[in-house]
2 protein chains.
Amino acid sequence: MERRRADCIADDLEGLIFDGTFADGERLDEVQLANRFSVSRTPVREALQRLTQSGLVVQIPRRGVFVRQPGPVELLEMFEVMAELEAVCARLAASRISDEGFNDLLDANRRCKSVVEVLDTDTYYRENERFHAILYRQSGNAFLEQECLRLQRRLQPFRRVQLRVRGRMSQSMAEHEAIVAAIGDGDGERAAEAIRQHVSVQGEKFHHLIARLKPAAE
Amino acid sequence: MERRRADCIADDLEGLIFDGTFADGERLDEVQLANRFSVSRTPVREALQRLTQSGLVVQIPRRGVFVRQPGPVELLEMFEVMAELEAVCARLAASRISDEGFNDLLDANRRCKSVVEVLDTDTYYRENERFHAILYRQSGNAFLEQECLRLQRRLQPFRRVQLRVRGRMSQSMAEHEAIVAAIGDGDGERAAEAIRQHVSVQGEKFHHLIARLKPAAE
DNA sequence: ATTGTCATTCTTGTATACAAAAAGGCTTGA
DNA sequence: TCAAGCCTTTTTGTATACAAGAATGACAAT
């Protein structure tokens, strides 16, 4: 599928917002961006509209678009929704998953486990994402799957931070095991509760998330 | 808040797609639409991009945008997600709702009930929507609330049809009562199950939805 | 000194012009 | 008759030009 310039710019901008090049509340100047990417304002505007829809920026008519990083409260809310959505996936998967699908899940989990032993957080992050994506798929609801992927993508930069905490990887693995076991038993409620614990931000995780949230405040 | 032409066009187009002026699979010609709305292609393109994000049309690069009505399967999936999201709202609300919030819910329910007696489906539809919106709010999670409103809006034209079924309004009311009662008791699981039944498409509702789905197939 | 008004400048929103890619039709060959 | 290749036309994607609203700053009046 051919990509237009506007699409590339949207992706690049997303990265620039994630890595802090554009701070929260900052206005994104159309002509500046156009110069930066060596294009006209038209594709820049299209890209900004896409970012508006995904919630990274907010657009005020005849004022401009402004970066809008979620604050601590909104972030917790988003993680809560993610946890609940994944819980739904797990519950549905427990009664709908096929033998083949379950094997995919086991396989993804094995790959995670092999990475944990090497302590490679980046790779683990990717494999973990794959594990969750398979779970979404096994919900048997393609629309739900898409919604989960959307939110997962949105939370990506924050989730990544979480894994850096010492011992978090092995704990994450243990939680995976519990999830898989519950689904294997066809126990939807147990699976839902297990993944809710896995994803939601509580206790230690809460402090780390908040601490990492404002590195610019120093 | 000032509205731009592109926003109005997006809304109008949404309506035109809902009411069947543009059929499923049809290509939306930019210049045609520009003429229709007496504007240039620019705001039309912006509007189409917005519709793309909300899923009403699909955009194929360098080919154009095409209307994409959800088929029966996708529709059922969307209703399932709606049911599950509302179930989450209900469960969270059961433990988080304040006295004031509970009064709002009772009030909204009373308004529904008074409409049922007059058998005014349109007004009932609006009041029912309000009831659900209050429930979203009472989940205590603003992000969840927004997501629910988004999906509710997307399912609006299909939901409307459902209510036309004879006796559906009074059944809907009875279900509301059960939901409110469960939340009043602080019983999250019971509230979740009640609203799941209320929203999900099963049994009779399934047939009516499918039957109404393709009126152009005659 | 502060506030209100006016004018300038800047920025967004829209229209138009141009470029590039795809669709459609024609010819030509077997 | 059918298919392949080329050319024309159509349509999307991008650049530029123009219009209208908002921000800024100066100046005047209280």
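Since the structure is predicted, the reported quantities are computational estimates derived from the model, not experimental observations.
None of A/K205, A/R168, A/R196 except one satisfies the salt bridge (Lys or Arg N to Asp or Glu O under 4.0 Å) rule with A/E175; the exception is A/R168.
When the C1' atom of C/dA22 is taken as reference, atom CG of B/D29 falls 14 Å away, rounded to whole Å. C/dT12 atom C1' lies 13 Å from atom CD of A/Q49, rounded to whole Å. To the nearest angstrom, C1' of D/dA22 lies 15 Å from CD of A/Q59. The distance between atom CD of B/E30 and atom P of C/dA22, rounded to the nearest whole Å, is 15 Å. D/dT11 atom P lies 14 Å from atom CD of B/E26, rounded to whole Å. In this structure, CZ of A/R4 is placed 5 Å from P of D/dG13, rounded to the nearest angstrom. Going from atom CZ of A/R62 over to atom C1' of D/dG21 covers 6 Å, rounded to whole Å. Rounded to an integer number of Å, the gap from CG of B/L28 to C1' of D/dT11 is 14 Å.
Nearest heavy atom pair, residue A/I183 against residue A/A191, reads CG1-CB, 3.8 Å.
For residues 32-48 of chain B, proximity to DNA chain D is found at B/R41, B/R45, defined as any non-hydrogen atom under 4.0 angstrom from a strand atom.
The shortest distance between side-chain heavy atoms of B/I17 and B/Q69 falls below 4.5 Å.
Around CG of A/D19, the count of heavy atoms belonging to other residues, nucleotides or ligands within 6.0 Å exceeds 12.
Sequence neighbours left out, the pairs with a member in residues 125-153 of chain B that pass ring pair (Phe, Tyr, Trp, His ring centres under 6.0 Å) are B/F131-B/H176, B/H132-B/H176, B/H132-B/H198. Applying the salt bridge (Lys or Arg N to Asp or Glu O under 4.0 Å) rule to pairs touching residues 138-153 of chain A yields A/E14-A/R153, A/R137-A/E145, A/E147-A/R150, A/E147-B/R150, A/R150-B/E147, sequence neighbours excluded.
Both B/V65 and A/R63 lie close to DNA chain D; mapped to their nearest nucleotides by heavy-atom distance, the more 5′-ward contact belongs to B/V65.
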